[in-house]
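Presented below is the structure to which this report refers.
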Protein chains: 4
Amino acid sequence: MGTDVEAPRATGRPRDPRIEQAALAAVRDLLAEGGYAAVTGAAVAARAGTTKAALYRRWPALPHLVHEAVFPGELALGTNLRAGLDEVVARLVGGTRDALCTPAAAAALPGLLAEAGTYPDLHASMIRRFSGVLAAMDERLGEAIDAGEAHPDARADDLVQLVVGTVIAGVLLTPGALDDAWVDRLTASVLRGLRPDR
Amino acid sequence: MGTDVEAPRATGRPRDPRIEQAALAAVRDLLAEGGYAAVTGAAVAARAGTTKAALYRRWPALPHLVHEAVFPGELALGTNLRAGLDEVVARLVGGTRDALCTPAAAAALPGLLAEAGTYPDLHASMIRRFSGVLAAMDERLGEAIDAGEAHPDARADDLVQLVVGTVIAGVLLTPGALDDAWVDRLTASVLRGLRPDR
Amino acid sequence: MGTDVEAPRATGRPRDPRIEQAALAAVRDLLAEGGYAAVTGAAVAARAGTTKAALYRRWPALPHLVHEAVFPGELALGTNLRAGLDEVVARLVGGTRDALCTPAAAAALPGLLAEAGTYPDLHASMIRRFSGVLAAMDERLGEAIDAGEAHPDARADDLVQLVVGTVIAGVLLTPGALDDAWVDRLTASVLRGLRPDR
Amino acid sequence: MGTDVEAPRATGRPRDPRIEQAALAAVRDLLAEGGYAAVTGAAVAARAGTTKAALYRRWPALPHLVHEAVFPGELALGTNLRAGLDEVVARLVGGTRDALCTPAAAAALPGLLAEAGTYPDLHASMIRRFSGVLAAMDERLGEAIDAGEAHPDARADDLVQLVVGTVIAGVLLTPGALDDAWVDRLTASVLRGLRPDR
DNA sequence: CACTAATCGAGACGGTACGTCGCGTCTTGTG
DNA sequence: CACAAGACGCGACGTACCGTCTCGATTAGTG
């Protein structure tokens, strides 16, 4: 699940598929209600109607479960790769904001970032959530540079880091202020930052 | 000192000032050596040559101690408020990078951000570290707008959030890549984003 | 065993029975070596090869563990209920002396008595240790009164209280003087006190 | 104070005599209200309107203070040494009961006995409380033996140990049942135990 | 009248034990 | 095999009490 392919186990009693969903939902509920500190192994198991052992059969550690609960899949830009740079950047900013501003995500984010130092695979998984966006932006930005729409020094990794970081800072420091006007301001500022000097 | 103004206790045995300093230094050492997980009440007390009780007399909980150890005072821009906008922004970016990239700070940052959700006063203290920079940038940016050097929509809070967030994302996601070239690229991009449309 | 009937837990991982025995033995060793003050949660756990949590899973607090270690079961009189009153009383006195004069018991007794004020259930458990002896003495004394061997005012609870109290006083005030001659003197005195007036 | 003569300190600020009384009264109050566990250095100082340092200037440790608060002087038999043996024993039993059955004494007794193992001087002080009674009983019992009123094996130390122990057991095990009838029963039993065999 | 010396209040100090909690693993019996 | 249940080792947490200490401020007797 998550980011890795699972070996198909054929033998023995099959896993109850409801437990996986119940656990992920339980994590989201607990995050929204009590924050990251409320996401305890025992609490998740109790809320999901199962036991800790069933959780550790599915995820190597609690943060991995939290990660999957909060970021179930890749960040998506929509299907706008052929759109204008303005719209692509707007979707990047807006999509990142949307992904990180759900109650569960906002509550989990700092905790996950902290655990990323302990679990290298978790760190990799979090980065991988942006790999698709990064590749797409890399390609699109290359075209924009070739077309003279973007500054030749512009780099997709810098761009994504800037956008993601700013959203993270917004979530951590001024949650509640990340409305659409905030997205518009950040988008405009980023776009100006991408423009060529002349 | 610390996070708040201190009540002027005149009575009772005065606190041993060496304990405070020893504890802060112990936290920095432990952070650099073993990361956030190594900053244990007992470990700090032992390394500082004191006891847990003496620590809890000074800080309400361990994260507060870590915060003070890692961010002892306000973020400083240097005395460059009268300098050109280019230099002011360069110093903001560089100073933020420097402050968050010390071994202790880099090790403590994710943990502190996570604990901020548990301790509201810690959250407030962390934000307050930027209040001076924020005020200074607000004033300087106002002048720049008036002088036509900056975009009329530019806001100091947005700017600081963007810079701090990008540095945080850099520390968390790509530590080791935040060299001076990185600072230069971010500075240039931010400056372009601040320029008026014309 | 212990102080109460145990609920028949059928589910979950069963408790490791060796831990219980190891803890009780550890307490007895520590009592004999360092007295009541040496019976620390951490010390007991370490000596028993387990952890504090495992102890607190079995006993509500340390004194309960000490109590069970020192007084594992009811005080026994031997199987002498049909013997002459002289011998019954002699066994009561001797048995009480023996039970309270083991190194562990002598070391634990004052501490346990003191903690009994804090833990009412511990107080009840300690009293219950004498219930069997009390019932037996009550029956035997009734027969003796009917046979004219004992004073009609004699009561088993008074008798047990007197014997136990005297032994406690001996242990606390003049430990080391409770030899067999002491037992004989007390036995003779108690027996005279039980005799009818004529 | 208490049992020892004090060196006459002439110089320096004299001790406030009210503190001593206030501390003793505070201990008694705390014992009656919250038991031995409530007698904390800080609690005693606060209730007495003074500080811990003032207490430790007067008593070497807390149990010594408790001891003096609860047993301010020697156990007294009244002036009945020339009375009949019946009355002397009755006064011994009754006086011991009275001394150990005050709320403060009953609450402090097990704690004090436990601490006696830690502080040898406290142990000695407690025993000394009975030295007068012991000497008096020794003399009176010798006369009784000579007069044929008492068993030639009777010993004052055994007698006192028996009476004190029984009262202690009564206080610890069945507090509230030590009424005058209880005293009468114990007195009668003890007296029978003292009688010569014929 | 200053000087000295011990007290007073307040509270921090080192030390140590307490009982609780969470993590991730394990060991049962039952499907 | 999975599952429910819950004990296991580990280790940190924050609190409490002990008896001592260090302050600045009093409060006598002495020189």
Side-chain angles (χ1 to χ4, degrees), chain A residues 9-17 19 37-43 45-46 49-63 118, chain B residues 9-19 37-46 48-62, chain C residues 9-19 37-46 49-62, chain D residues 9-16 18-19 37 39-43 45-46 49-63 118:
Chain A
R9 291 169 304 89
T11 170
R13 173 175 172 172
R15 289 184 180 168
D16 185 338
I19 290 181
V39 184
T40 285
T50 180
T51 61
K52 286 200 297 172
L55 303 181
Y56 284 101
R57 230 171 268 128
R58 290 167 170 77
W59 294 277
L62 265 188
T118 307
Chain B
R9 287 178 316 89
T11 174
R13 174 175 176 171
R15 290 186 176 166
D16 185 339
R18 293 169 303 180
I19 289 180
V39 184
T40 285
V44 174
T50 180
T51 60
K52 284 198 296 174
L55 303 181
Y56 284 101
R57 231 172 267 129
R58 289 168 169 77
W59 295 278
L62 272 186
Chain C
R9 287 178 315 90
T11 174
R13 174 175 176 172
R15 290 186 177 167
D16 186 339
R18 292 168 304 181
I19 291 181
V39 184
T40 285
V44 174
T50 181
T51 59
K52 283 199 295 174
L55 303 180
Y56 283 101
R57 229 172 268 129
R58 291 169 167 76
W59 295 277
L62 271 185
Chain D
R9 292 169 305 90
T11 170
R13 174 176 175 172
R15 290 185 179 167
D16 185 339
R18 293 167 305 181
I19 289 181
V39 184
T40 286
T50 181
T51 61
K52 287 200 298 174
L55 303 181
Y56 284 100
R57 229 171 268 127
R58 290 168 169 79
W59 294 276
L62 265 188
T118 307

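Each chain gets a letter, A, B and so on, in the order the sequences are listed, and its residues count up from 1. The analysis underlying the following values was restricted to heavy atoms, covering all of them including side chains, and did not include hydrogens, waters or symmetry mates.
DNA chain F is contacted by both D:Pro60 and A:Gly49; A:Gly49 maps to the nucleotide lying nearer its 5′ end (nearest heavy atom per residue). Residues B:Thr51 and C:Ala53 each lie close to DNA chain E; by heavy-atom proximity, the contact nearer the 5' end of the strand is made by B:Thr51. With DNA chain E read from its 5' end, the first of the two nearest nucleotides for A:Ala42 and C:Leu62 is the one closest to C:Leu62.
Note: CG (D:Leu55) to P (F:dT20) measures 12 Å, nearest angstrom. Note: CZ (B:Arg13) to C1' (E:dG11) measures 9 Å, nearest angstrom. The separation between B:Ile19 atom CD1 and F:dC21 atom P is 15 Å, rounded to whole Å. For the pair A:Lys52 NZ and F:dA5 P, the computed distance is 14 Å after rounding to whole Å.
Closest approach to the C:Thr50 side chain among E:dC8, F:dG9, F:dA4 is made by F:dG9 (side chain taken as heavy atoms from C-beta onward). Distances were taken from every side-chain heavy atom of C:Tyr56 (C-beta onward) to each of F:dG6, E:dG19, E:dA12; the shortest belongs to E:dG19.
Within the 4.0 angstrom heavy-atom criterion, no nucleotide atom of any strand lies near A:Ala45. At the heavy-atom level, C:Arg58 lies under 4.0 Å from the strands shown only through sugar-phosphate atoms. Contact annotation for A:Val39: backbone-only contact, meaning every heavy-atom pair under 4.0 Å involves sugar-phosphate atoms and none involves a base. Within 4.0 Å (heavy atoms only), B:Thr40 reaches sugar-phosphate atoms of the nucleic acid but no base atom.
What you find for A:Ile19 and A:Thr50 is that their closest heavy atoms are CD1-OG1, 3.8 Å.
Listed pair C:Arg57 / F:dC8 meets the phosphate criterion, a side-chain N or O lying under 4.0 Å from OP1 or OP2. Residue A:Arg15 has a polar side-chain atom (N or O) positioned under 4.0 Å from OP1 or OP2 of F:dA2.
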